Structures are given as C-alpha cells and as structure tokens.
Student: 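Have a look at this one.
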Amino acid sequence: MLDIKMIRENPEKVNELLKRRNPELSIDAILEVDEERRQIQTKADELRAKRKNESQKIGLMKKNGENTDSIQEEVRLLGDEIKSLEEKQVELDEKQRDMLLRTPNIPDETTPIGASDADNVEVSKWGEPTKFNFEFKAHWDLCEEKNIVDFERGVKLSQSRFTLYRGKGARLERAVINFFLNEHTEKQGYEEILPPFMANAATMTGTGQLPKFKDDMYKCVDEDLYLIPTAEVPVTNIYSNEILSEDDLPKYMTAYTPCFRREAGSAGKDTRGLIRVHQFNKVELVKLCTPETSPEEHEKLTEDAEDMLKKLNLPFRRVALSSGDIGFSANKCWDLEVWMPSYNTYKEISSCSNFGDYQARRANIRYKDKATGKTRFVHTINGSGLAVGRTVAAIIENFQQEDGTIIIPEVLRPYTGFDKI
RNA sequence: GGAGACGUGGCCGAGUUGGCUGAAGGCGGCACCCUGCUAAGGUGUUAUGUGGAGCAAUCUGCAUCCAGGGUUCGAAUCCCUGCGUCUCCGCCA
C-alpha cells in the first residue's frame with residue numbers, strides 16, 4: 001500500500017511513476033476521497049470534543065444536585081450528529097483503503113521502463129544453452145516413458161494440471177526440496193520455516209493477493225481461508241502488526257511449501273508437463289530489512305537463488321523486469337530463467353522482488369529505528385529459491401543422455417540415493 | 001464437539017455499585033545524576049493510529065483497555081455477537 005501522506009505531497013511524481021506501469025493508473029480519485037475524508041474527520045473530532053466536555057459537566061452538575069434534563073437532551077442530539085458523521089467517516093476510510101489496496105506499488109527508478117515482458121532486459125547469463133548431438137526429448141515425454149510422473153492419473157484424481165509424481169520422480173522432487181533447504185539454512189544463513197498452507201484474508205491482503213487477485217486463488221467454502229499461492233504469503237506476514245527491534249533485522253527466512261494457483265487466464269499456455277500446474281512445490285526465500293539495506297539485500301538474495309542453479313549446473317540468465325511486467329506489489333524484480341530445451345528458450349524459475357515498504361505497510365510490519373527512536377516500516381524482499389517442479393523439469397531435459405538415461409547432478413546424489421534415472 | 005474461566009500498555013498487574021483513567025503500582029527499556037570500579041541508589045522518561053498548526057524541533061484535537069455491534073448525557077467498566085487463550089470431559093493422527 002502506498003503512503004497516503006506521500007501521495008498527498010507528491011501527486012505528480014506518483015502519477016508519473018504509476019503510468020510507467022500502466023498508463024491508465026492514477027491516484028487523483030484517491031486524493032478526492034482523502035480530501036473529503038479529512039474534512040469529515042475534523043468536524044467529527046470537534047463534535048466529539050464538545051460532547052466529552054459537556055458530559056463531564058453533566059457529571060459535576062449531578063454531583064451538585066442540579067437539574068440536567070435540558071443539557072442531557074442537547075448532548076443526546078449532538079450524539080446523533082456525531083453518529084451520522086462517524087458513519088460517513090467509516091465509509092470514506094474504507095473506500096480510501098480499498099482504493100489504496102487496489103493500487104500497485106510504484107516502480108523503482110532503476111526498473112527499466114516498458115509496457116510488457118517484451119521490454120524486459122537480460123542483464124547476465126551463466127553457462128551456455130545445452131546442445132545435443134541426438135534427438136532430445138521434452139521432459140513430459142521422458143517423464144511418461146520412465147513412469148516418474150503420471151500425468152493422466154493426476155488428472156483423474158483431481159483435474160487437468162495436477163500431477164502425480166512416483167518412484168524416482170517423487171524422490172527427485174523431494175531431493176531437490178531438501179537440497180535447497182539445506183543450502184539456504186546451512187550455507188546462506190536463512191531460518192527454516194514450515195508455515196500453514198492455508199491463510200486467512202488479512203494475511204492474503206498483507207502481501208497483496210487480496211483484494212485484487214481473488215480469482216487466482218483457491219478458497220475454502222466454509223472458512224475464511226485460502227490455499228497459499230506461495231510461501232511468501234505466510235512467511236512475510238509472520239511479523240504482521242508487530243514492531244520489531246532494529247537488532248532483529250535483517251530477518252532471513254526460507255520455507256518449503258506447495259503452492260496452489262488457479263492459473264485463471266492462462267488456458268492454452270504451457271499445457272504440457274510440469275511448467276504450469278495448479279499445485280507445485282517451491283522453496284521460497286524471504287527477507288525483512290531496513291530501508292537502507294534493502295537494495296543490497298535484494299541483490300544478495302538473488303545471488304543466493306542463482307547459486308542453486310550454478311550448483312545444479314543448469315544454464316540460466318538474469319532478466320530485469322520492465323515497469324509494465326513487474327508484479328503488483330513489487331518495485332523492482334529480477335527473474336532468473338533456466339534454459340529449457342523443449343521450449344528452445346529460457347523459462348522463469350525464480351522471481352526475486354523488492355517490495356520496499358509496500359507490503360510492510362499493508363501487513364503493518366514495523367521496527368523501531370535505533371538512531372531516531374521512531375517506528376518505521378520494514379522493507380520486504382523475496383524470491384524463489386527455487387521453483388522445484390521447474391527445476392526437476394530442467395534437470396530432466398538438460399541432463400538427458402543419448403541412451404535415454406537422465407544424469408542426476410552431483411550435488412543431488414546424496415539426496416536421491418541414485419545417480420541416474 | 002460439550003462444560004467452565006478468562007482476554008487491560010514491552011511484560012506483570014490495579015481498576016468491574018458507569019463519570020475528571022491513556023489508564024495506579026511494579027518489572028523491564030532509555031536518558032541524566034551520584035558512589036573512584038562493580039553491586040546498590042536518585043531523578044526523569046517510556047504506546048499506537050489519525051486530523052490540525054509550524055520549514056522544523058515541537059505543540060494540539062480525536063480515537064484506541066481482543067474485535068464488532070448495543071444501552072447511556074457519558075463505558076476499560078453494563079448487554080449481545082465473533083475471535084482467541086486456559087482448565088476439565090469427549091473424540092482423534
């Protein structure tokens with residue numbers, strides 16, 4: 001959520017930056033509501049102050065045995081007036097909050113300006129796209145051949161885009177999860193978190209999924225609970241409505257969770273294989289830090305994610321998302337894309353975003369600044385470290401051999417217990 | 001799931017015959033003072049949100065005693081609902 005005071009003081013600047021994201025965005029309507037809201041509040045405050053004084057007066061008069069009938073009637077009428085103003089005020093408060101909650105974060109100055117993913121900028125590359133001197137296969141074909149993912153029965157059990165891993169496939173998936181978690185916790189200093197896989201509406205609002213992206217999520221029928229689309233949601237919200245000490249920062253947290261996404265609006269895209277499914281596994285990296293350190297913490301987190309790809313020896317590149325393509329809550333985002341032979345291109349495997357204080361303001365996550373003694377909003381950062389299903393798909397495709405076997409990367413072998421499939 | 005108890009500031013804990021209590025007291029924290037060091041002691045300070053004034057330091061109004069409603073001139077205090085915690089019983093991986 002953007003800071004209403006900041007918007008009030010820099011309306012042109014905010015509009016200009018928002019239009020980099022989408023030319024139709026504007027905060028003008030919010031400012032109109034804000035103006036009216038403040039007028040009502042001032043008026044209501046005055047009347048409440050009056051009622052307070054008068055009521056105290058009544059108390060004293062009663063003590064002295066005076067008759068208070070007329071003044072009581074007067075204050076009762078005042079109460080009616082206050083009540084109607086309060087109703088109006090609540091209405092405007094909610095309206096303003098809703099408008100702010102539906103307004104995306106403003107892009108960082110360093111985010112490349114552009115309208116869509118076509119304007120994203122490749123900034124670095126590691127390794128070379130895998131070359132084959134034989135007819136290579138797509139991971140979905142290899143998976144079926146080796147019976148390590150049973151796509152058809154996954155569909156039977158649930159619906160399309162649900163997968164059933166089995167045998168060495170299931171073991172490989174679990175090995176990748178454990179490898180990532182061990183690296184993040186033992187070598188990179190993150191605290192392991194195992195959060196609930198369902199979260200309530202307040203939590204979903206904190207990170208930005210609600211109110212705008214309700215239709216992207218799975219919702220429980222009889223409860224105010226949603227299946228999480230990413231571990232970012234519960235993990236970032238761990239400290240919602242709390243004030244941390246500056247000494248507690250930065251917080252490094254990592255979590256494995258399954259992720260549930262309805263993928264509404266992506267019909268026809270990536271319909272085969274493990275790339276786009278309704279339930280997938282992911283290990284997430286989340287940081288809370290001070291505003292001063294957030295750019296460098298963002299960079300370090302991205303490097304931590306890149307480190308996983310390097311250790312697996314998977315070719316990848318880093319892309320700076322353009323202002324038209326970054327996520328709703330982010331002000332800056334690097335995508336890591338892994339080489340996927342079947343697509344003959346790089347596919348997103350991690351998205352490392354800096355949210356500034358946007359999520360912290362929504363979730364109300366603050367800290368006490370030591371130097372000034374003031375409470376400030378933390379900055380939140382997160383990134384996939386990495387998407388597990390896509391990692392498995394990349395391993396299967398990039399490390400397939402002419403004889404039809406798949407070589408398991410060295411670093412995973414202690415986890416899989418086998419060196420090829 | 002059934003029965004009961006409870007929900008106050010960073011923590012503990014007063015306040016429940018409604019009124020001057022944003023809230024006593026203690027602990028902790030912070031600042032300063034004092035004792036040559038340490039232990040101890042003294043003084044002060046110590047919530048959040050939001051509106052207004054001011055360049056600012058700051059001053060000031062309003063709100064907040066789990067949340068939301070209600071009663072009343074006036075509610076931390078009374079009533080209702082929800083959420084949560086604890087105890088006992090039942091059930092269960």
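Everything quoted here is computed from the prediction, not taken from an experiment. Lettering follows sequence order; numbering is per chain, from 1.
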Student: Tell me which of A:Arg37 and A:Lys83 sits closer to the 5' end of RNA chain B, going by the nucleotide each one is nearest to.
Tutor: A:Arg37
Student: Rounded to the Å, how far apart are A:Glu246 CD and B:C30 C1'?
Tutor: 15 Å
Student: Note every stem involving RNA chain B: at least three consecutive Watson-Crick or G-U wobble pairs, i with j then i+1 with j-1, with both distances under 3.5 Å.
Tutor: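 For RNA chain B the paired stretches long enough to count as stems (3 pairs minimum) are B:1-7 with B:83-89, B:10-12 with B:25-27, B:28-33 with B:41-46, B:47-53 with B:58-64, B:66-70 with B:78-82.
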Student: Could A:Glu16 and A:Arg20 be called an ion pair, given the rule that one side-chain N must be under 4.0 Å from one carboxylate O?
Tutor: yes
Student: Salt bridge (charged side-chain N to carboxylate O under 4.0 Å, His left out) with A:Asp28: which residues, sequence neighbours excluded?
Tutor: none
Student: Taking ring pair (Phe, Tyr, Trp, His ring centres under 6.0 Å) as the test, write out the residues that go with A:Phe328, two or more places apart.
Tutor: A:Phe213
Student: Could you tell me how far B:C66 sits from B:A24 if I compare only their P atoms? Round to whole Å.
Tutor: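 Pairwise P distance, B:A24 against B:C66, rounds to 16 Å.
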Student: Could you check whether A:Arg376 gets within reach of a base, just the sugar-phosphate, or nothing at all, counting any heavy atom under 4.0 Å?
Tutor: nothing
Student: Taking salt bridge (charged side-chain N to carboxylate O under 4.0 Å, His left out) as the test, write out the residues that go with A:Arg51, two or more places apart.
Tutor: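 Here no residue qualifies.
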Student: Between B:C83 and B:C20, how far apart are the P atoms? Round to whole Å, please.
Tutor: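 So the two P atoms sit 33 Å from each other.
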Student: Expressed as a whole number of Å, how far does the P atom of B:A67 sit from that of B:A63?
Tutor: 15 Å
Student: What pairs meet the ring pair (Phe, Tyr, Trp, His ring centres under 6.0 Å) rule with one or both residues in residues 219-274 of chain A, with sequence neighbours excluded?
Tutor: A:Tyr190-A:Tyr252
Student: Does a donor on one side chain and an acceptor on the other come within less than 3.5 Å for A:Lys282 and A:Thr230?
Tutor: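 Checked: A:Lys282/A:Thr230 side chains pair up, N/O donor to acceptor below 3.5 Å.
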Student: Whole-Å distance between B:U71 P and A:Arg76 CZ?
Tutor: 11 Å
Student: For A:Thr375, answer base if it contacts any base atom (sugar-phosphate contacts may also be present), sugar-phosphate if it contacts only those atoms, and nothing otherwise; contact means non-hydrogen atoms under 4.0 Å.
Tutor: sugar-phosphate
Student: Give me the distances for all protein-to-nucleotides 60-64 of chain B N/O pairs that come in under 3.5 Å?
Tutor:
from  : atom 1 : to      : atom 2 : distance (Å)
B:G61 : N2     : A:Gln41 : NE2    : 3.4
B:G61 : N2     : A:Asp45 : OD2    : 2.2
B:C62 : O2'    : A:Asp45 : OD1    : 3.0
B:C62 : O2'    : A:Arg48 : NE     : 2.9
B:C62 : O2'    : A:Arg48 : NH2    : 3.4

Student: For every nucleotide of nucleotides 76-84 of chain B, 5' to 3': is a protein heavy atom under 4.0 Å from its base (B), only from its sugar-phosphate (S), or from neither (-)?
Tutor: ---------
Student: Would you please say whether a donor-acceptor pair under 3.5 Å links the side chains of A:Ser294 and A:Asn354?
Tutor: yes
Student: Taking the same atom, P, in B:G25 and in B:A47, what whole-Å distance lies between them?
Tutor: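 Rounded to whole Å, the distance is 14 Å.
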Student: Quick one: A:Met1 CE to B:G49 P, roughly how many Å, whole number?
Tutor: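 It is 12 Å, rounded to the nearest whole Å.
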Student: With a 4.0 Å cut-off, would you call A:Arg8 and A:Glu32 a salt bridge?
Tutor: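 A salt bridge is absent here (no side-chain N lies under 4.0 Å from a carboxylate O).
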Student: Could you list the residues that satisfy salt bridge (charged side-chain N to carboxylate O under 4.0 Å, His left out) with A:Arg38, not counting sequence neighbours?
Tutor: A:Asp34, A:Glu35
Student: If the P atom of B:A76 is compared with that of B:C62, how far apart are they to the nearest Å?
Tutor: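 Result for the P pair: 14 Å, nearest Å.
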Student: Does a nitrogen or oxygen in the side chain of A:Arg38 sit under 4.0 Å from OP1 or OP2 of B:G52?
Tutor: yes
Student: Between A:Glu173 and A:Arg390, does at least one N-O distance fall below 4.0 Å, as a salt bridge requires?
Tutor: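 Between A:Arg390 and A:Glu173 there is no salt bridge, as every charged N stays at least 4.0 Å from the carboxylate O atoms.
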Student: If you find the nucleotide of RNA chain B closest to A:Lys374 and the one closest to A:Gln96, which residue's nucleotide is nearer the 5' end?
Tutor: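 Looking at RNA chain B, the more 5' nearest nucleotide goes with A:Gln96.
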Student: What I want to check is whether the side chains of A:Thr416 and A:Lys168 have a donor and an acceptor closer together than 3.5 Å.
Tutor: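 Looking only at side-chain atoms, A:Lys168 and A:Thr416 do not form any donor-acceptor pair under 3.5 Å.
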Student: Rounding to the closest angstrom, what is the interatomic distance between B:C32 and B:A56 at atom C1'?
Tutor: 26 Å
Student: Would you measure the distance from the C1' atom in B:U35 across to the matching atom in B:G19 and give it in whole Å?
Tutor: 48 Å
Student: Show the atom names and distances, to 0.1 Å, of all donor-acceptor pairs under 3.5 Å that link a side chain in residues 82-93 of chain A to residues at least two apart or in another chain.
Tutor:
from    : atom 1 : to      : atom 2 : distance (Å)
A:Ser84 : OG     : A:Glu81 : O      : 3.1
A:Glu86 : OE2    : A:Arg48 : NH1    : 2.5
A:Asp93 : OD1    : A:Arg37 : NE     : 3.1

Student: Measure from CG on A:Asn241 to C1' on B:A67 and round the result to the nearest Å.
Tutor: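 After rounding, the reported distance stands at 12 Å.
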Student: Among all residues two or more places apart in sequence or in another chain, which pass the salt bridge (charged side-chain N to carboxylate O under 4.0 Å, His left out) test with A:Asp3?
Tutor: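 Scan of A:Asp3 (salt bridge (charged side-chain N to carboxylate O under 4.0 Å, His left out), adjacent residues dropped) gives A:Arg361.
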Student: Less than 4.0 Å between a side-chain N and a carboxylate O, is that true for A:Arg272 and A:Asp141?
Tutor: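 A salt bridge is present here (some side-chain N lies under 4.0 Å from a carboxylate O).
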Student: Mind calculating the distance between CG (A:Leu244) and P (B:G29) to the nearest angstrom?
Tutor: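 Rounded to the whole Å, the gap is 19 Å.
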Student: Just the atom pairs and distances: protein N or O near nucleotides 16-20 of chain B's N or O, under 3.5 Å.
Tutor:
from  : atom 1 : to      : atom 2 : distance (Å)
B:G19 : N2     : A:Ser55 : O      : 2.6
B:C20 : N4     : A:Lys63 : NZ     : 2.8

Student: Suppose you measure atom P in B:A40 against the same atom in B:U50; what distance do you get, rounded to whole Å?
Tutor: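 These two P atoms come out 40 Å apart once rounded.
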Student: Just to confirm, is there a sub-4.0 Å distance from OP1 or OP2 of B:U46 to any side-chain nitrogen or oxygen of A:Lys368?
Tutor: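 No, no such contact exists.
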Student: For A:Leu85 and B:G51, what is the distance between atoms CG and P respectively, to the nearest whole Å?
Tutor: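 Going from CG in A:Leu85 over to P in B:G51 covers 17 Å.
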Student: List for me each residue that meets side-chain hydrogen bond (donor to acceptor under 3.5 Å, both in side chains) alongside A:Asp247, sequence neighbours excluded, and say none if there are none.
Tutor: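 A:Asp247 satisfies side-chain hydrogen bond (donor to acceptor under 3.5 Å, both in side chains) with A:Lys370 once adjacent residues are dropped.
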Student: Provide, to the nearest angstrom, the distance between the CD1 atom belonging to A:Ile243 and the P atom belonging to B:G10.
Tutor: 7 Å
Student: Between A:Thr207 and A:Gln359, do the side chains contain an N or O donor and an N or O acceptor separated by less than 3.5 Å?
Tutor: no
Student: Between C1' on B:G74 and CE on A:Met61, what's the gap in Å once rounded to a whole number?
Tutor: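 About 14 Å, once rounded to whole Å.
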Student: Describe the nucleic acid contact of A:Lys43 in one word from base, sugar-phosphate, nothing, applying a heavy-atom distance below 4.0 Å.
Tutor: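 It contacts nothing in the nucleic acid.
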